[in-house]
Amino acid sequence: MSSSSLNTVLSTRISSVVNANNNRVGVGVGVRTQPFLNPASVSFTARRLTVRAQETDAKEVKSQAPDKAPAASGSSFNQLLGIKGASQETNKWKIRLQLTKPVTWPPLVWGVVCGAAASGNFHWNLEDVAKSILCMIMSGPCLTGYTQTINDWYDREIDAINEPYRPIPSGAISENEVITQIWVLLLAGLGIAGILDVWAGHDFPILFYLALGGSLLSYIYSAPPLKLKQNGWIGNFALGASYISLPWWAGQALFGTLTPDIIVLTLLYSIAGLGIAIVNDFKSVEGDRAMGLQSLPVAFGAETAKWICVGAIDITQLSVAGYLLGAGKPLYALALLGLIIPQVFFQFNYFLKDPVKYDVKYQASAQPFLVLGLLVTALATSH
């Protein structure tokens, strides 16, 4: 899941590697630009490379790669999930799957479940189950896959520093193949949204516009000139809303009516999503600082940022529990409080000790309780 400009210098090396090896996507920006990119971003990227060419040294980039490269015994399972510790892969379809980061799909799928539950109109029959599965495919593999692929595309320069072995900066997949994947996933997601609107009998194609709006948000999150992720607050909140609010809205709109109170409640919950997004920023501090991205660990330092992170997660959930209590639903509020306690335990046991070393372990331990809290909130609003 992040306000200075991306025009800050990177390092000599990227330009030098460009001249030496034009077929590396991560460092070939400004040398070969595809039609997918608009003219503004082409010249913007080229300009940045020109600046960096004057200030960097190719040997430095190459010297970092061995330290950051995955072990030869990297996990093929991690590769398929798109997480660190992955093995190097040559199979093109496995690389395509890696770019979509399947490990990021479950929160979107769960968001659809929460929205369907909050609607109060989901029934366990074949039609409703089929609708929900199609909505999950739209939210997860298609539009989240699109989001992750386009994010990796625009992060290829940073990844050349932080994770030079990733598919795009390593040259494991070509520029044309990446851009084709972006378009296929985007159009598939929008097409499914339109089908769901027809299937649900909507007079207004709300699911299509939610998918379109979410896709636009994903684009401006990653792409210049806006590149929301340049700012840790705005970028991480946008990421949190994409993972919590949008799939919830889609699920609720598919089976019922999306109401203003639900929109406000889910946007509030997206502040917890902001905290979750900060977790992923700690491992990218080096590249973010070099590129001038003001992620919260860069802007405030790791010690302060990790407390902002856990504060956003915990205070948000406590606020929602207070809302449920005030709405006359004390059992749901108590259940949510019970799910917050283990999250705090894992924060102190893992994340606050070392947010880089324990980021995966913390998320695997704590996030199941957060997503269960989402379902508790959804069920509370459905009654």
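Keep in mind that the numbers below use all heavy atoms, side chains included, and drop hydrogens, waters and symmetry copies. These figures come from a predicted structure and were not determined experimentally.
- Residues in residues 112-129 take part in these salt bridge (Lys or Arg N to Asp or Glu O under 4.0 Å) pairs, two or more places apart or across chains: E127-K131.
- Heavy atoms only, all atoms of each residue included: T100 and G145 are closest at CB-CA, 3.7 Å.
- A distance of 5.5 Å separates CG of N236 from CD1 of I278, quoted to the nearest 0.5 Å.
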>> side-chain contact (heavy atoms from CB on, under 4.5 Å) for M138 and I195? Distances and angles first, verdict last.
In response: CA-CA 11 Å; M138 174 195 75; I195 291 170; over 6 Å; no
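- Going from atom SG of C114 over to atom CG of L375 covers 5.0 Å, rounded to the nearest 0.5 Å.
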Pair up each side-chain donor or acceptor in residues 301-309 with any protein partner under 3.5 Å, not counting sequence neighbours, and list the distances.
{"from": "E303", "atom 1": "OE1", "to": "K306", "atom 2": "NZ", "distance (Å)": "3.2"}
{"from": "K306", "atom 1": "NZ", "to": "L352", "atom 2": "O", "distance (Å)": "2.7"}

When the side chains of residues 250-257 are checked against the rest of the protein, which donor-acceptor pairs come out under 3.5 Å, sequence neighbours left out?
{"from": "Q252", "atom 1": "OE1", "to": "W248", "atom 2": "NE1", "distance (Å)": "3.0"}
{"from": "Q252", "atom 1": "NE2", "to": "T257", "atom 2": "O", "distance (Å)": "3.2"}

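- A single hydrophobic cluster is not seen to contain both V198 and L210; linkage of ILVMFWY side chains at heavy-atom distances under 4.5 Å, directly or through other members, places them apart.
- Cluster annotation: I137 is not connected to W93 through the hydrophobic network of ILVMFWY side chains, with a link wherever side-chain heavy atoms come within less than 4.5 Å.
- Summarising the geometry, atom CG belonging to L228 is positioned 12.0 Å from atom CZ belonging to F237; distances are rounded to the nearest 0.5 Å.
- The backbone N or O of P167 sits less than 3.5 Å from a side-chain atom of S170, completing a donor-acceptor pair.
- A donor-acceptor contact shorter than 3.5 Å links the side chain of S132 to the backbone of V129.
- The two residues P106 and V103 make their nearest non-hydrogen contact at CD-O, 3.3 Å.
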>> Is there a side-chain contact (heavy atoms from CB on, under 4.5 Å) between R156 and D159? Walk through the geometry before answering.
In response: CA-CA 5 Å; R156 58 199 186 276; D159 286 343; 5.6 Å; no
Please tabulate, for side-chain N and O atoms in residues 323-341, each donor-acceptor pair with protein atoms closer than 3.5 Å (sequence neighbours left out).
{"from": "K329", "atom 1": "NZ", "to": "A380", "atom 2": "O", "distance (Å)": "2.5"}
{"from": "K329", "atom 1": "NZ", "to": "H383", "atom 2": "O", "distance (Å)": "3.0"}

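- Rounding to the nearest 0.5 Å places CD of E286 at 6.5 Å from CD1 of I161.
- In this structure, the side chains of D281 and V298 stay at 4.5 Å or more apart for every pair of heavy atoms.
- Taking OG1 from T144 and CH2 from W105, the interatomic distance works out to 8.5 Å, rounded to the nearest 0.5 Å.
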> What's the verdict on side-chain contact (heavy atoms from CB on, under 4.5 Å) for D359 and F282, showing C-alpha distance, side-chain angles and the deciding distance?
Replying inline: CA-CA 9 Å; D359 63 335; F282 288 90; over 6 Å; no
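- Of the possible donor and acceptor atoms, one in the side chain of R96 sits under 3.5 Å from a partner among the backbone N and O of E177.
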>> Using side-chain contact (heavy atoms from CB on, under 4.5 Å), reason through S215 and Y146 one step at a time and then give a plain yes or no.
In response: CA-CA 8 Å; S215 301; Y146 153 80; 3.9 Å; yes
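- Between the side chain of R166 and the backbone N or O of E163, no donor-acceptor pair lies under 3.5 Å.
- Within the structure, side chain to side chain donor-acceptor pair (under 3.5 Å) pairs that include any residue of residues 107-126 do not occur (at least two apart or interchain).
- Between Y350 and Y362, the distance from one ring center to the other does not fall under 6.0 angstrom.
- Between the side chain of N231 and the main chain of I234, a donor-acceptor pair closer than 3.5 Å is present.
- Remark: side-chain polar atoms of S139 are not paired, donor with acceptor, to backbone N or O of P247 under 3.5 angstrom.
- Looking at residues two or more places apart in sequence or on another chain, you find a side chain to side chain contact (heavy atoms under 4.5 Å, CB included) between L212 and L190, F208, Y209.
- Of the possible polar contacts, none joining the W233 side chain to the S295 backbone as a donor-acceptor pair under 3.5 Å is found.
- Between the side chains of Q317 and Q343, at least one donor N or O lies within less than 3.5 Å of an accepting N or O.
- The minimum heavy-atom distance linking A117 with S382 is given by the pair O-CB, 3.1 Å.
- Taking the ring centroids of Y221 and Y154, they lie at or beyond the 6.0 Å cut-off.
- Side-chain N or O atoms of S245 include one that pairs as donor or acceptor with a backbone N or O of T266 at under 3.5 Å.
- A continuous path of hydrophobic side-chain contacts links I262 to V371 [ILVMFWY only; heavy atoms under 4.5 Å].
- The backbone N or O of I313 lies less than 3.5 Å from no partner atom in the side chain of T316, so there is not a single donor-acceptor pair.
- Residues Q294 and Q230 are not in side-chain contact: their nearest non-hydrogen atoms beyond the backbone lie 4.5 Å or more apart.
- Residues F348 and V279 are members of one and the same hydrophobic cluster, defined by side-chain heavy-atom contacts under 4.5 angstrom among Ile, Leu, Val, Met, Phe, Trp and Tyr.
- Annotation for W199 and A130: closest pair CH2-CB, 3.7 Å, computed over non-hydrogen atoms.
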